[in-house]
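In what follows, a single structure is set out as structure tokens and then discussed.
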Amino acid sequence: DTVSGVDTSVDDATQQLLDRIAWGEGADPKKLKAQEKYGIGTTAYDMVYAYGNTLAPSKPVTEMTLSELESFQKNLIAKTKGKIKGTKYGTSAVGKYQVIKTSLFGKGGTAEKPTQNSWADKLGLKADDVYTPEVQEKIGMLALKEAGYNKYIQGGRSQDAFQDRLANIWASVAKADGTDKYGQGIHTVKADLQPMLKALAPTRSDGIVEESLRPNIRPK
């Protein structure tokens, strides 16, 4: 499967889940056209806060090294501090999955020295690696796994518990009970995720997990 020409190496339902989360985070093609005037790309992978209207990067984030990306994220935080609904802090969200600096490099971590168990550390990303669509898809899949994706598809986590964990990572995702965890505005609710989560859930017979509805292709 591909997304914008990117080989994702995941099954359809998983990619659709990631794509729906990204859409809720702002990856709407119509809205992304607003970035045209800044020359910073209009794909979901090029997405920046407020589509560049608050602070436009000097080039598309998909062309930045992680070191350059970190620098932009610092500037974005400074520019948005005190201006984001639901938080007194600014935002550093970049790319299709609106990845923030502390998730990518860890609290106090940098592109040169990401902290242990940060996403950059877990994926073995280096400061001179470029924030490509391929890298962003790997990060998106890792985020799903941290939310309990593997447990969910194996029958070890309920749908509501999985959605609550997704809401911990992405502010635009509502908790299973419909509430807004971060108070920043909900754009994805249970009904939006239901088709993908149903497809990803294992089928059961007498309480025993028999098989999954998914293809055999598994994310690495």
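Predicted, not measured: the structure shown is a model, and the values here were computed from it.
- Of all the heavy atoms in Thr65 and Asp128, the pair that sits closest is CG2-O, 3.8 Å.
- For the side chain to side chain donor-acceptor pair (under 3.5 Å) test with Thr188, the passing option among Glu25, Gln163, Arg20 is Arg20; the others fail.
- Here the side chain of Gln35 pairs a donor or acceptor atom with the backbone of Asp46 at under 3.5 angstrom.
- Residue Val99 is grouped with residue Met64 when hydrophobic side chains (ILVMFWY) are merged at heavy-atom distances under 4.5 angstrom, including chains of intermediate members.
- Taking 4.0 Å as the cut-off between side-chain N and carboxylate O, Lys181 and Asp164 do not count as a salt-bridged pair.
- Between Val130 and Thr62, the closest heavy-atom pair is CG1-O, 3.2 Å.
- A salt bridge links Glu70 and Lys74; the closest N-O separation between the charged side-chain nitrogens and carboxylate oxygens is under 4.0 Å.
- Between atom CG of residue Leu32 and atom OH of residue Tyr51 there is a gap of 5.5 Å, rounded to the nearest 0.5 Å.
- Side-chain atoms of Gln136 come within 3.5 Å of backbone atoms of Tyr131 as a donor-acceptor pair (strictly under, hydrogens ignored).
- Leu125 contributes atom CG, which lies 7.0 Å from atom CG of Leu104 (distance to the nearest 0.5 angstrom).
- Expressed to the nearest 0.5 Å, how far NZ of Lys126 lies from OG of Ser67 amounts to 14.0 Å.
- With values rounded to the nearest 0.5 angstrom, Gln16 atom CD is found 11.5 Å from Leu197 atom CG.
- The hydrophobic clustering, which links ILVMFWY residues whose side-chain heavy atoms are closer than 4.5 Å, places Phe105 and Leu123 together.
- Annotation for Thr54 and Tyr49: closest pair OG1-CE2, 3.5 Å, computed over non-hydrogen atoms.
- The pair Glu137-Lys96 meets the salt-bridge criterion, with a side-chain N (NZ, NE, NH1 or NH2) lying under 4.0 Å from an Asp/Glu carboxylate O.
- Taking 4.5 Å as the limit, every side-chain heavy atom of Val48 sits out of range of all side-chain heavy atoms of Leu76.
- Counting non-hydrogen atoms of other residues, nucleotides and ligands closer than 6.0 Å to NZ of Lys122 gives a total above 12.
- Side chain of Tyr152 to main chain of Ala147: no donor-acceptor pair is present (N/O by atom type, distance under 3.5 Å, no hydrogens or angles).
- Linking Ile, Leu, Val, Met, Phe, Trp and Tyr whenever their side-chain heavy atoms come within less than 4.5 Å puts Leu17 and Ile169 in one cluster.
- Neither side chain, Asn150 nor Gln154, offers a donor N or O lying under 3.5 Å from an acceptor on the other.
- With a 4.5 Å cut-off on side-chain heavy atoms, Thr43 and Pro133 do not count as touching.
- Tyr149 and Ile139 fall within the same hydrophobic cluster, defined by Ile, Leu, Val, Met, Phe, Trp and Tyr side-chain heavy atoms under 4.5 Å apart, directly or through other members.
- Two residues are said to be in side-chain contact when any heavy atoms from C-beta on lie closer than 4.5 Å; Lys190 and Gln159 meet this criterion.
- Within the model, atoms OG1 of Thr91 and CD of Gln73 stand 8.5 Å from one another, a figure rounded to the nearest 0.5 Å.
- Ile40 and Val135 fall within a single hydrophobic cluster, where Ile, Leu, Val, Met, Phe, Trp and Tyr are joined by side-chain heavy atoms under 4.5 Å apart, directly or via other members.
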Go through it in stages, so that I can follow the logic: the residues are Thr179 and Asp177, the test is side-chain hydrogen bond (donor to acceptor under 3.5 Å, both in side chains), and I'd like the CA-CA distance, side-chain angles, deciding distance and then a yes or no. CA-CA 6 Å; Thr179 57; Asp177 63 6; 2.6 Å; yes
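- At least one side-chain heavy atom of Leu144 sits under 4.5 Å from a side-chain heavy atom of Leu166.
- A donor-acceptor contact closer than 3.5 angstrom links the side chains of Asp11 and Thr14.
- What you find for Tyr38 and Asn53 is that their closest heavy atoms are OH-OD1, 2.8 Å.
- In this structure, the separation between OG1 on Thr102 and OH on Tyr89 is 11.0 Å, given to the nearest 0.5 Å.
- For the residue pair Asp192 and His187, the shortest heavy atom distance occurs at OD2-O, 4.0 Å.
- Pairing each heavy atom of Gly106 with each of Ser118, the nearest pair is N-CB, 3.4 Å.
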